[in-house]
Participant: 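Right, I'll just put the structure down here and ask away after.
Hydrogens, waters and symmetry mates play no part in the numbers below; they use all other heavy atoms, side chains included.
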Amino acid sequence: MRSRSHMRAIDTLRTALKAIIENERLTWPSKVVIEPPRDVTFGDLSVNAAMLLAREAKTPPRALAENFASKLMERCPDIAKASAAGPGFCNVTFTPEFWRTTVAEVEAAGDAYGTTSVGAHRRVLLEYVSANPTGPLHVGHGRGAAVGDSLARLLRMAGYTVDTEYYVNDAGRQMRLLGLSVWLRAKELCNLPVTWPAEGEYYKGDYIRDIAREMLAADPHLTDLPDAEGQERCYTTAMHKILDGIKSDLADFRVEHRLWFSEKTLVEGGAVDTAFAALSNAGHTYDKEHAFWFATEKLGDDKDRVLRKSDGSLTYFASDIAYHHDKFRRGYDWLIDVWGADHHGYVPRMRAAIAAMGKPQESFSVVLIQLVNLLREGKPVSMSTRAGTFETLSDVIKEVGTDAARFMFLSRKSDSPLDFDLDLVKQRTMDNPVYYVQYAHARICAVLRRAADRGISLPSLTPPALLSPLDTAEDMALLRKIAGFGDMLCAAAQSLGVHHVSHYLTELSGLLHSYYARHQVLQENDQPRSMARLALLRAVGQVLHNGLFVLGVSAPESM
RNA sequence: GCGCUCGUAGCUCAGUUGGAUAGAGCGACAACCUCCUAAGUUGUAGGUCGCAGGUUCGAUUCCUGCCGGGCGCACCA
């Protein structure tokens, strides 16, 4: 379903056209699309209604469109021009006065400009990053973090009530390996004999040795402990240290998680049994070959899945079901998970679990994050956690900065692979459009400062009369663009595609730079025009600011 | 082999859920600072939207089949 537009122009046109169509005793087709045409010379908006209604009206689409066009002009004073075009489009141009009032809309709303209520306060739980606390975050996690955090901001702008959560996998094999790895390093540092497990059965990164060293410094007798107890202590300490590091990296990256949810606590609280009972009561489980199975195949999965293995232990899927069951119990209407794209094969079984809980399909969404190919001077940088030769998120932030890294992550569809070249991201070219957008904002601020120096002051709400000098094609282009900001945010929220926001900002910045080069904003001999343009620029600056906020990128006042 | 996904300008990618003559940046070439920030602007060149069918007023978009790349197919997490 297409969401209803909030753009004032579209709203106005829809209302007028609806009345006309009803007057003709025709029915408003659900497939009506009102949108800006590809070519701006066609007008501000374009409607396909005549083509959809031709059959019912028994009139050629072109003639019907002409009829609609003339009625629109009679009926609606905001419409300056309406005409039939192409196979039966109806193209509409609004009056300049109509567009100018957009400035006041922006000024009145301020930081809230662009917010809508399509979300209707539905409660969303957005889970992202959730990396195992077995090592520092790397660049791939950074992409998921940027996308998740910006999605939260985006959905809030669209009127959803969003909680963000990090699921801490603090139970299971990975944690045992972490404890073992630190424990063995500690023994090694004390020159005790150590037999290393097979490759892949322990973590090798330098941070493991660092943690072992810190622990020994705090307690020189650490290695006197029996193996089991020592490993347990190492696991607990290491996990907390690593988690602290992750939290600090996320803070540096302007990424917020409001909730931190422990898998261990969940399991110990009996959530698995509760979830199992729910599935069993609905008749979705069975026992086979000493294992406990979940019949996911009937719910769209490739085959049924094991929940409790024949050795009595739980599968990862089991606790994940319990986790999602618990999310619903906490009252959320919509669960959004941000996962690495290598987990896409996991989606059908999770969907099956959601269905088995009796929840509608729309209540669960997965946003897949494709691989980040980290490059340096065009050459790939290896990123294996266990090999210990990865580039951490923290290193990348230090090198290129949070703004550039976030914008880069957010400027492409999250489910397609991304080449992240460290040298490129530091460059100030259009391969790296963050500067282009930030520069547009800084430029506007510079003009506003200059105006203030000259003693020109704008009212906080600009009266319409003051804006009448805005009459060029470039003025209209900017006004139309900022008028569409809220709709763009809605569309982006609906498709869970944050990249739409960065594309929009790049386009808006292009219009601004072009405008700036073409029209002198402050003119010594034309105070009224200066005021009007200043007000327009201030509004554009506000929109850039709001858009950058959604991306979690700063809007500098000077560069 | 099965499933998911992608294939759009030389390169990196958009394409608003089926609309009109398919866009942007980079790279190339050529113009713009006595003037509010040149991290900028303007212009030119560049395309069989992987291939072949189908659905309809209309397809880059939806369906089918091929070709090619990525990923996934555990009583792992």
Participant: Quick check on the 6.0 Å ring-centre criterion: do Phe292(A) and Phe276(A) meet it?
Facilitator: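 Distance test on ring centres: under 6.0 Å, yes.
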
Participant: Nearest-Å distance, CH2 (Trp293(A)) to P (A74(B))?
Facilitator: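 The answer, rounded to whole Å, is 11 Å.
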
Participant: With rounding to the closest Å, how many angstrom separate the P atoms on G47(B) and A22(B)?
Facilitator: 12 Å

Participant: Which label fits Phe485(A) and Tyr504(A): parallel for a plane angle under 30°, tilted from 30 to 60°, or perpendicular past 60°?
Facilitator: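 The rings of Phe485(A) and Tyr504(A) sit tilted, inter-plane angle from 30° to 60°.
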
Participant: Do the side-chain N or O atoms of Lys309(A) get closer than 4.0 angstrom to the phosphate oxygens (OP1, OP2) of C76(B)?
Facilitator: yes

Participant: Does Thr41(A) put a side-chain nitrogen or oxygen below 4.0 Å from OP1 or OP2 of A20(B)?
Facilitator: no

Participant: Could you grab the distance from atom OG of Ser530(A) to atom CG of Leu522(A), nearest 0.5 Å is fine?
Facilitator: 5.5 Å

Participant: Can you tell me if the side-chain N/O atoms of Tyr436(A) get under 4.0 Å from OP1 or OP2 in U41(B)?
Facilitator: yes

Participant: Taking atom C1' in both G68(B) and U8(B), compute the distance separating them and give it to the nearest angstrom.
Facilitator: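 The answer is 15 Å between these two C1' atoms.
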
Participant: Nearest-Å distance, CG (Asp423(A)) to P (U12(B))?
Facilitator: 17 Å

Participant: Under 4.0 Å between a Lys/Arg side-chain N and an Asp/Glu carboxylate O for Glu201(A) and Arg173(A)?
Facilitator: yes

Participant: Does the side chain of Asp44(A) pick up a donor-acceptor pair with the side chain of Thr93(A) at under 3.5 Å?
Facilitator: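 Not at all, the side chains of Asp44(A) and Thr93(A) share no donor-acceptor pair under 3.5 Å.
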
Participant: Distance between the C1' atoms of G54(B) and C13(B), in whole angstroms?
Facilitator: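 The same atom, C1', in both gives a distance of 30 Å.
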
Participant: Check every strand shown and say whether Ser558(A) touches a base, only sugar-phosphate, or nothing at a heavy-atom separation below 4.0 Å.
Facilitator: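 Base: the residue Ser558(A), judged by heavy atoms under 4.0 Å, touches a nucleobase.
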
Participant: For nucleotides 56-64 of chain B, tabulate all protein N/O to nucleotide N/O atom pairs closer than 3.5 Å, reporting atom names and distance.
Facilitator:
{"residue": "C57(B)", "atom": "OP1", "partner": "Arg55(A)", "partner atom": "NH2", "Å": "3.1"}

Participant: For residues His141(A) and Ala131(A), report the shortest heavy-atom separation together with the two atoms involved.
Facilitator: NE2-CB, 3.4 Å

Participant: Nearest heavy-atom pair of Glu165(A) and Ser130(A): which atoms, and what distance?
Facilitator: O-OG, 4.4 Å

Participant: C26(B) and U34(B): how far apart are their P atoms, nearest whole angstrom?
Facilitator: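 Approximately 23 Å lies between the P atom of C26(B) and that of U34(B).
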
Participant: Is it true that Asp11(A) and Arg8(A) have a side-chain N and a carboxylate O under 4.0 angstrom from each other?
Facilitator: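 Salt bridge: no.
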
Participant: Strictly under 3.5 Å: I want the nitrogen or oxygen pairs between protein and nucleotides 70-73 of chain B, one per line.
Facilitator:
{"residue": "C71(B)", "atom": "O2", "partner": "His344(A)", "partner atom": "NE2", "Å": "3.2"}

Participant: Measure CG/Asn432(A) against C1'/G27(B) and give the value in whole Å, please.
Facilitator: 16 Å

Participant: Could I get a table of every N or O pair under 3.5 Å where one atom is in the protein and the other is in nucleotides 33-36 of chain B?
Facilitator:
{"residue": "C36(B)", "atom": "O2", "partner": "Leu522(A)", "partner atom": "N", "Å": "3.1"}
{"residue": "C36(B)", "atom": "N3", "partner": "Val521(A)", "partner atom": "N", "Å": "2.9"}
{"residue": "C36(B)", "atom": "N4", "partner": "Tyr516(A)", "partner atom": "O", "Å": "2.6"}
{"residue": "C36(B)", "atom": "N4", "partner": "His519(A)", "partner atom": "O", "Å": "2.9"}

Participant: Whole angstroms only, please: what is the NE2-C1' distance between His513(A) and G25(B)?
Facilitator: 13 Å

Participant: On a plain distance test, is the side chain of Ser310(A) in donor-acceptor contact with the base of C75(B) below 3.5 Å?
Facilitator: yes

Participant: Just checking Phe409(A) against Phe420(A), ring centres under 6.0 Å apart?
Facilitator: yes

Participant: If you look at every strand shown and take non-hydrogen atoms under 4.0 Å, does Ala451(A) touch a base, only sugar-phosphate, or nothing?
Facilitator: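 Answer is nothing: Ala451(A) stays at 4.0 Å or more from every strand.
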
Participant: If I pick the C1' atom on G3(B) and the same atom on U21(B), what distance separates them, to the nearest angstrom?
Facilitator: 40 Å

Participant: Take the angle between the ring planes of His324(A) and Trp339(A) and call it parallel below 30°, perpendicular above 60°, tilted in between.
Facilitator: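 Because their plane-to-plane angle is over 60°, the rings of His324(A) and Trp339(A) count as perpendicular.
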
Participant: Working to the nearest 0.5 Å, report the span between CG of Leu13(A) and CG of Leu45(A).
Facilitator: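 If I round to the nearest 0.5 Å, the distance is 6.0 Å.
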
Participant: Please report the distance, rounded to the nearest Å, between CD in Glu507(A) and P in G15(B).
Facilitator: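 Glu507(A) atom CD is separated from G15(B) atom P by 10 Å.
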
Participant: Write down the distance separating the P atoms in C63(B) and G18(B), rounded off to the nearest Å.
Facilitator: 10 Å

Participant: Show me the side-chain donor-acceptor pairs of residues 444-454 of chain A shorter than 3.5 Å, one per line, residues at least two apart or across chains.
Facilitator:
{"residue": "Arg449(A)", "atom": "NH1", "partner": "Glu557(A)", "partner atom": "O", "Å": "3.0"}
{"residue": "Arg449(A)", "atom": "NH2", "partner": "Glu557(A)", "partner atom": "O", "Å": "3.3"}

Participant: Would you kindly give the OH-to-P distance between Tyr203(A) and A77(B), to the nearest whole Å?
Facilitator: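 So the OH-P distance, Tyr203(A) to A77(B), works out to 12 Å.
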
Participant: Can you check whether Phe42(A) stacks with the A20(B) base, using ring centres under 5.5 Å and planes within 30°?
Facilitator: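 According to the criterion (under 5.5 Å, under 30°), yes, Phe42(A) stacks.
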
Participant: If you assign Ser313(A) and Cys445(A) each to the RNA chain B nucleotide with the nearest heavy atom, which residue ends up on the more 5' nucleotide?
Facilitator: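 Closest to the 5' end, via its nearest nucleotide, is Cys445(A).
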
Participant: Using whole Å, report how far NE2 of His503(A) lies from P of U12(B).
Facilitator: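 Nearest whole value for this atom pair: 15 Å.
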
Participant: Would you say the base of A20(B) and the side-chain of Ser46(A) have a donor-acceptor pair closer than 3.5 Å?
Facilitator: yes

Participant: Please give the stem ranges for RNA chain B, sorted by first residue number, where a stem is three or more consecutive Watson-Crick or G-U pairs and both donor-acceptor distances are under 3.5 Å.
Facilitator: B:1-5 with B:69-73, B:10-13 with B:23-26, B:28-32 with B:40-44, B:50-54 with B:62-66

Participant: Using 30° and 60° as the class boundaries, would you call the ring planes of Tyr286(A) and Trp293(A) parallel, tilted or perpendicular?
Facilitator: parallel

Participant: Side chains of Ser319(A) and Glu263(A): any donor to acceptor distance under 3.5 Å?
Facilitator: yes

Participant: Return the value, rounded to whole Å, for the distance between atom CE of Met408(A) and atom C1' of C26(B).
Facilitator: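 Spelled out: CE on Met408(A) to C1' on C26(B) is 11 Å.
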
Participant: Say we look at A14(B) and C6(B): how far apart would their P atoms be, to the nearest angstrom?
Facilitator: 11 Å

Participant: Test Met408(A) against every option in Val425(A), Val400(A), Val372(A), Asp421(A) by the side chain to side chain contact (heavy atoms under 4.5 Å, CB included) rule and name the one that passes.
Facilitator: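 The side chain to side chain contact (heavy atoms under 4.5 Å, CB included) with Met408(A) is passed solely by Val425(A) among Val425(A), Val400(A), Val372(A), Asp421(A).
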
Participant: Need one value for Ala54(A): base, sugar-phosphate or nothing, where a base atom within 4.0 Å counts as base even if backbone is also close, heavy atoms only.
Facilitator: nothing

Participant: So, Phe89(A) and G19(B): ring centres less than 5.5 Å apart, planes less than 30° off, yes or no?
Facilitator: no

Participant: Sequence neighbours excluded, which residues qualify as salt bridge (charged side-chain N to carboxylate O under 4.0 Å, His left out) partners of Asp403(A)?
Facilitator: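 Here the qualifying residues are Arg254(A).
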
Participant: Between the side-chain atoms of Asn91(A) and the base atoms of A20(B), is any donor-acceptor pair under 3.5 Å?
Facilitator: yes

Participant: Determine: side-chain N/O of Thr506(A) to OP1/OP2 of A14(B), distance under 4.0 Å, yes or no.
Facilitator: no

Participant: Hey, does Asn169(A) reach any base, or is it just sugar-phosphate, or nothing, if we go heavy atoms under 4.0 Å?
Facilitator: nothing

Participant: When the nearest nucleotide of RNA chain B is assigned to Thr315(A) and to Pro36(A) on a heavy-atom basis, which residue is associated with the more 5' position?
Facilitator: Pro36(A)

Participant: Shortest non-hydrogen contact from Arg308(A) to Asp273(A)?
Facilitator: NH2-OD1, 4.2 Å

Participant: So, is C51(B) syn or anti if syn means the angle is within 90° of 0?
Facilitator: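 It is anti.
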
Participant: Which whole number of Å gives the distance between the C1' atom of G23(B) and that of C49(B)?
Facilitator: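 My reading of the C1' atoms in G23(B) and C49(B) gives 12 Å.
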
Participant: Considering only side-chain heavy atoms of Glu289(A), which listed nucleotide, A20(B), A77(B), C75(B), is closest?
Facilitator: C75(B)

Participant: Look at Arg412(A) and C13(B) and indicate whether a side-chain polar atom (N or O) is within less than 4.0 Å of OP1 or OP2.
Facilitator: yes

